[in-house]
Amino acid sequence: MGEKKLILPKFLEKNELELFLQLCRFVLSITPWALFVILTYAGLRISEATGLQWEDIDMKKRTIDINKQIGSSVKEYSSPPPPDYNGKTLT
């Protein structure tokens, strides 16, 4: 007999994501919850989100300037984007 292979979904459906964020809001502290919200609604990569600083966020214009990222290795803390990268601003 062959083993059945478990196939996991590659993403959450919208209602599942909303439930996940609601649960996180009550279980986690504000910082990890806010990170999940930014990742979800702004579509940032984890390295882009963790590289954000307050000066990257313009509350009046309601924009986020993505101009750096934090790498995964301990030696590489903050790295500028490649020279040909124009940067992006989320609205």
Side-chain angles (χ1 to χ4, degrees):
M1 293 180 134
E3 285 185 44
K4 286 188 176 181
K5 198 171 189 177
L6 179 62
I7 299 174
L8 299 174
K10 294 185 181 189
F11 58 88
L12 296 175
E13 296 293 335
K14 184 177 179 180
N15 64 324
E16 294 171 323
L17 184 57
E18 289 171 357
L19 288 172
F20 172 75
L21 291 174
Q22 287 175 8
L23 176 67
C24 288
R25 181 62 187 103
F26 293 105
V27 175
L28 301 174
S29 66
I30 192 73
T31 302
W33 174 78
L35 178 62
F36 279 130
V37 170
I38 289 173
L39 291 170
T40 300
Y41 292 110
L44 299 182
R45 295 180 180 100
I46 188 74
S47 60
E48 293 171 331
T50 55
L52 287 175
Q53 296 177 335
W54 280 110
E55 59 264 18
D56 299 326
I57 301 169
D58 188 331
M59 298 289 194
K60 290 181 182 176
K61 293 181 182 176
R62 299 177 57 114
T63 61
I64 301 174
D65 183 28
I66 312 303
N67 55 37
K68 66 188 129 336
Q69 60 186 1
I70 292 180
S72 58
S73 72
V74 174
K75 292 179 185 174
E76 179 188 11
Y77 175 71
S78 179
S79 62
D84 60 341
Y85 180 71
N86 295 353
K88 61 182 173 183
T89 300
L90 300 175
T91 56

ask   = Rounded to the nearest 0.5 Å, how far apart are CG of Leu19 and NZ of Lys14?
value = 12.5 Å

inquiry  = So, using side chain to side chain donor-acceptor pair (under 3.5 Å) as the criterion, who are the partners of Asp56 when residues are at least two apart?
reply    = Asn67, Lys68

task = Give, for atom CD of Gln53 and atom CG of Asp65, the distance between the pair rounded to the nearest 0.5 Å.
result = 11.0 Å

Atom pair CG (Leu44) and CD1 (Ile66), whose distance is rounded to the nearest 0.5 Å = 4.5 Å

Exercise: identify the closest heavy-atom pair between Ala49 and Ile38 = CB-CG2, 4.4 Å

ask   = Excluding sequence neighbours, so at least two apart, what forms side-chain contact (heavy atoms from CB on, under 4.5 Å) with Leu12?
value = Glu16, Leu17, Phe20

message = Once side chain to side chain donor-acceptor pair (under 3.5 Å) is applied, do any residues pair with Thr40, and if so which ones, sequence neighbours excluded?
response = none

ask   = Roughly how far, to the nearest 0.5 Å, is the CD atom of Glu48 from the CD1 atom of Ile70?
value = 11.5 Å

ask   = Mind checking what makes side-chain contact (heavy atoms from CB on, under 4.5 Å) contact with Leu6, not counting sequence neighbours?
value = Leu8

request  = Please report the closest heavy-atom contact between Trp33 and Leu21, naming both atoms and the distance.
outcome  = NE1-O, 3.3 Å

inquiry  = Nearest 0.5 Å, please: how far is CD1 in Ile30 from SG in Cys24?
reply    = 11.5 Å

ask   = With sequence neighbours left out, what residues match Ile46 under side-chain contact (heavy atoms from CB on, under 4.5 Å)?
value = Leu35, Leu39, Thr50

